[in-house]
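Right, one structure below, let's go through it.
Keep in mind the model is a prediction, meaning the values are calculated, not measured. Quick note on labels: first sequence line is chain A, next is B, and so on, each numbered from 1.
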Amino acid sequence: MLDLQFIRENPDLVRTAIKNKNKEGIDLDRLLQLAEERKAAAGEVSDINRKRNEAQAARDAEAGKNLKEELRAAEDKYQQIEKELVSILIKIPNIPSADTPVGPDESGNVVVREWGEKPQFNFEPKAHWDIGRDLGVIDSEKAAEVSGARFTYLKGDLALMQFALVQLAMSVLTSREELAKIIQEKGLSVSDKPFIPVLPPVMMRSQVMNRMARLDPIDERYYYEKDDLVFVGSAEHTMGPLHMDEAIAEERLPIRYIGYSTAFRREAGAAGKDTRGILRQHQFDKLEMESFAKPEDGLAEQELFVGVQERLMQLLGIPYQVLLICTGDMGGPDHRQFDINSWMPGQNTYRETQTSDYMGGYQARRLNTKIKRQDGTSEPVHMNDATAYAIGRTLIAILENYQQADGSVTIPEALRPYLGGREKMEKVII
RNA sequence: GGAGGAGUGGCUGAGUGGUCUAAAGCACCGGUCUUGAAAACCGGCGUGGGGCAACCCACCGUGAGUUCGAAUCUCACCUCCUCCGCCA
């Protein structure tokens with residue numbers, strides 16, 4: 001949610017953001033009108049309350065009764081205005097950053113960096129679903145019988161590799177030295193404060209998900225109505241509210257978390273898309289970074305996040321591109337968004353493996369997470385979230401980039417210590 | 001799942017229908033005193049909305065209700081604690 005005062009002072013900026021983010025249909029003029037009406041209605045309520053307090057002090061029962069009716073009517077009117085106002089306000093997207101390219105859809109995204117050499121094969125590289133089936137490490141058929149489409153059993157070394165990725169990522173993110181190296185390479189001036197590892201809940205109240213601006217579209221969420229609980233689509237959803245209704249002292253920032261959790265997505269709008277393999281699953285595991293920073297540090301904090309993402313892919317030797325996402329393709333709550341697309345030779349294309357969202361104060365405003373400044377003032381904290389490893393997609397990149405002519409897969413060096421020092425994945429024999 | 005208890009400012013905690021405009025203490029900030037600090041004393045010290053301002057309004061877990069009047073009474077919900085049951 002944007003600050004209403006900001007919207008009133010910068011209607012043109014907001015109008016442009018709505019247009020460039022393809023969110024037409026939001027009635028900004030109505031919102032501005034409602035803001036005025038709400039102010040008037042609030043004044044009315046406050047006026048009646050004052051008279052009512054006077055009547056009570058005088059023990060004037062008659063006047064009190066009348067004022068009670070008046071108050072009820074005035075409050076109803078206020079509530080009605082408030083309800084409509086909020087319904088429009090929460091639809092208004094965040095303002096894109098100055099360096100965000102304007103574009104209609106993903107065609108407007110800009111490749112800002114590329115890293116790595118695409119592997120050369122003297123054979124036709126296979127897609128991960130074939131490699132995984134042949135090695136016995138991906139079982140989609142039995143999973144389909146047991147759970148349905150978009151579910152998978154991961155077995156053997158692929159299952160072990162998941163834990164290897166978790167450990168590798170944790171070892172980088174919890175190390176002040178590793179972060180300092182990234183900061184230095186990128187020439188950033190941000191804190192080298194390590195990330196705090198978190199295992200968050202995977203179910204949450206729908207109300208809190210709503211405050212994260214992530215409940216809609218509800219069709220994308222698994223929702224357990226009986227208990228009013230939503231299954232998270234990312235650890236971001238439960239880590240973002242870690243400080244809701246708190247005012248964090250300025251000197252404690254930044255606060256950084258690295259969360260590991262399963263993510264659940266209905267993929268409602270993706271029927272028939274990426275149905276083979278494990279790219280688009282109803283359930284997958286993911287390491288997610290989340291941080292709370294001072295507004296003046298927010299953009300640099302995001303650059304650190306992207307730097308961490310790059311380091312994590314470099315450690316695996318996976319070629320990637322860093323994309324700056326354009327207005328038409330970025331998320332509504334984002335101020336700036338980067339994606340990392342990794343090379344997947346089996347599909348002869350780059351696919352999204354990581355994303356980095358800088359929200360500014362957009363989420364924090366509704367979560368009521370504030371900074372308490374040393375001078376006593378307060379303002380919404382600035383929030384960043386970004387993928388560390390989306391495990392499934394990272395496993396795809398490893399399988400496809402490290403495949404060999406004989407059908408085996410080499411284990412990336414950085415992961416070998418976590419897989420018994422082995423150089424090659426073993427075939428699963430049942 | 002069952003029974004009982006409790007939610008009040010940053011913290012502790014008083015308040016069971018009307019000067020509550022929420023006591024008191026701690027913490028914090030400013031001042032006096034001091035070479036400096038501590039102690040002592042004096043003053044300040046929540047959030048949001050409106051107003052140029054004096055000031056006004058709202059907020060005692062959340063929401064509804066009773067009453068001229070609710071922190072206080074009623075109902076629902078949420079959270080925490082204790083006990084019982086079940087359980088990795």
Side-chain angles (χ1 to χ4, degrees), chain A residues 1-9 31-90 163 199-212 215 223-232 237-253 255 260-262 285 292 295 361-381:
Chain A
M1 181 171 76
L2 284 178
D3 179 37
L4 187 58
Q5 193 59 34
F6 173 87
I7 297 171
R8 295 172 75 179
E9 285 165 9
L31 178 76
L32 295 171
Q33 184 195 340
L34 285 164
E36 289 305 315
E37 286 179 18
R38 186 174 69 166
K39 200 192 257 190
E44 218 173 297
V45 168
S46 143
D47 219 43
I48 295 167
N49 266 319
R50 188 174 43 75
K51 287 185 199 156
R52 197 158 164 262
N53 290 339
E54 284 163 12
Q56 281 164 31
R59 301 283 202 279
D60 185 341
E62 178 108 9
K65 269 185 186 165
N66 291 336
L67 285 164
K68 195 161 99 170
E69 291 309 310
E70 269 186 59
L71 181 65
R72 203 181 291 267
E75 276 181 342
D76 283 351
K77 188 175 155 198
Y78 179 89
Q79 288 303 331
Q80 215 175 323
I81 294 166
E82 167 85 1
K83 201 175 157 195
E84 192 187 345
L85 185 146
V86 170
S87 76
I88 299 174
L89 183 58
I90 60 174
F163 298 107
L199 296 174
V202 295
M203 287 186 260
M204 64 191 291
R205 300 173 193 279
S206 64
Q207 212 182 4
V208 177
M209 186 70 102
N210 208 14
R211 284 170 74 177
M212 280 289 287
L215 188 58
Y223 176 53
Y224 192 61
E225 203 170 358
K226 194 172 165 188
D227 292 309
D228 190 28
L229 287 171
V230 184
F231 287 71
V232 298
H237 301 160
T238 34
M239 293 205 298
L242 258 170
H243 293 287
M244 71 176 180
D245 296 318
E246 285 180 30
I248 304 168
E250 162 171 40
E251 55 273 18
R252 282 173 57 206
L253 299 174
I255 299 173
Y260 172 64
S261 101
T262 302
D285 299 305
F292 302 83
Y362 191 92
Q363 279 179 323
R365 201 162 282 112
R366 263 174 105 189
L367 289 168
N368 191 27
T369 304
K370 295 178 187 168
I371 302 183
K372 186 92 177 170
R373 295 284 196 181
Q374 267 163 353
D375 66 9
T377 59
S378 65
E379 63 194 298
V381 76

Minimum heavy-atom distance between A/I48 and A/L67, given as atom pair plus value: CG2-O, 3.8 Å

A/S378 or A/D47, whichever maps to the more 5' nucleotide of RNA chain B: A/S378

Pairing partner of B/rA24 (Watson-Crick or G-U wobble, both distances under 3.5 Å): B/rU12

Whole-angstrom distance between B/rG43 and B/rU35, as gauged at atom P: 25 Å

Derivation of the side chain to side chain contact (heavy atoms under 4.5 Å, CB included) call for A/N66 and A/E69: CA-CA 5 Å; A/N66 291 336; A/E69 291 309 310; 5.9 Å; no

Assigned partner base of B/rC83, Watson-Crick or wobble definition, under 3.5 Å: B/rG2

RNA chain B: 5'-proximal contact among A/A55 and A/K39 (nearest heavy atom): A/K39

Interatomic spacing from CZ in A/R365 to CD in A/E379 - rounded to 0.5 Å: 9.5 Å

Residues A/L4, A/R8; criterion side chain to side chain contact (heavy atoms under 4.5 Å, CB included); working and verdict: CA-CA 6 Å; A/L4 187 58; A/R8 295 172 75 179; 4.3 Å; yes

Selection residues 200-210 of chain A - residue pairs positive for side chain to side chain donor-acceptor pair (under 3.5 Å), sequence neighbours left out: A/S206-A/D228

Span that lies between the C1' atom of B/rC78 and that of B/rA24, in whole angstrom: 31 Å

C1'-based separation of B/rG65 from B/rA54 [nearest Å]: 38 Å

Whole-Å C1' distance, B/rC55 and B/rU21: 13 Å

Between B/rA71 and B/rC59 - P atom distance, rounded Å: 7 Å

Touch class at under 4.0 angstrom, heavy-atom based, for A/N53 against every strand present: sugar-phosphate

Pairwise P distance, B/rU72 and B/rU8 [rounded to whole Å]: 14 Å

Non-hydrogen atoms of A/Y78 and A/R38 that approach each other most closely: CE1-CG, 3.5 Å

Pairwise P distance, B/rU62 and B/rG10 [rounded to whole Å]: 13 Å

Complement of B/rC41, any strand, by Watson-Crick or G-U distances under 3.5 angstrom: B/rG31

P-based separation of B/rG1 from B/rC77 [nearest Å]: 12 Å

Full working for side chain to side chain contact (heavy atoms under 4.5 Å, CB included) between A/V202 and A/T238: CA-CA 7 Å; A/V202 295; A/T238 34; over 6 Å; no

Mate of B/rG7 where both pairing distances stay under 3.5 Å, Watson-Crick or G-U: B/rC78

Sugar-phosphate only, base, or nothing, as touched by A/R72 at under 4.0 Å among non-hydrogen atoms: sugar-phosphate

Start and end of chain A contact along RNA chain B [non-hydrogen atoms, under 4.0 Å]: B/rG18 to B/rU79

Touch class at under 4.0 angstrom, heavy-atom based, for A/K372 against every strand present: sugar-phosphate

4.5 Å side-chain heavy-atom contact, A/I255 and A/V381: no

Watson-Crick/G-U partner (both atom distances under 3.5 Å) of B/rC59: B/rG46

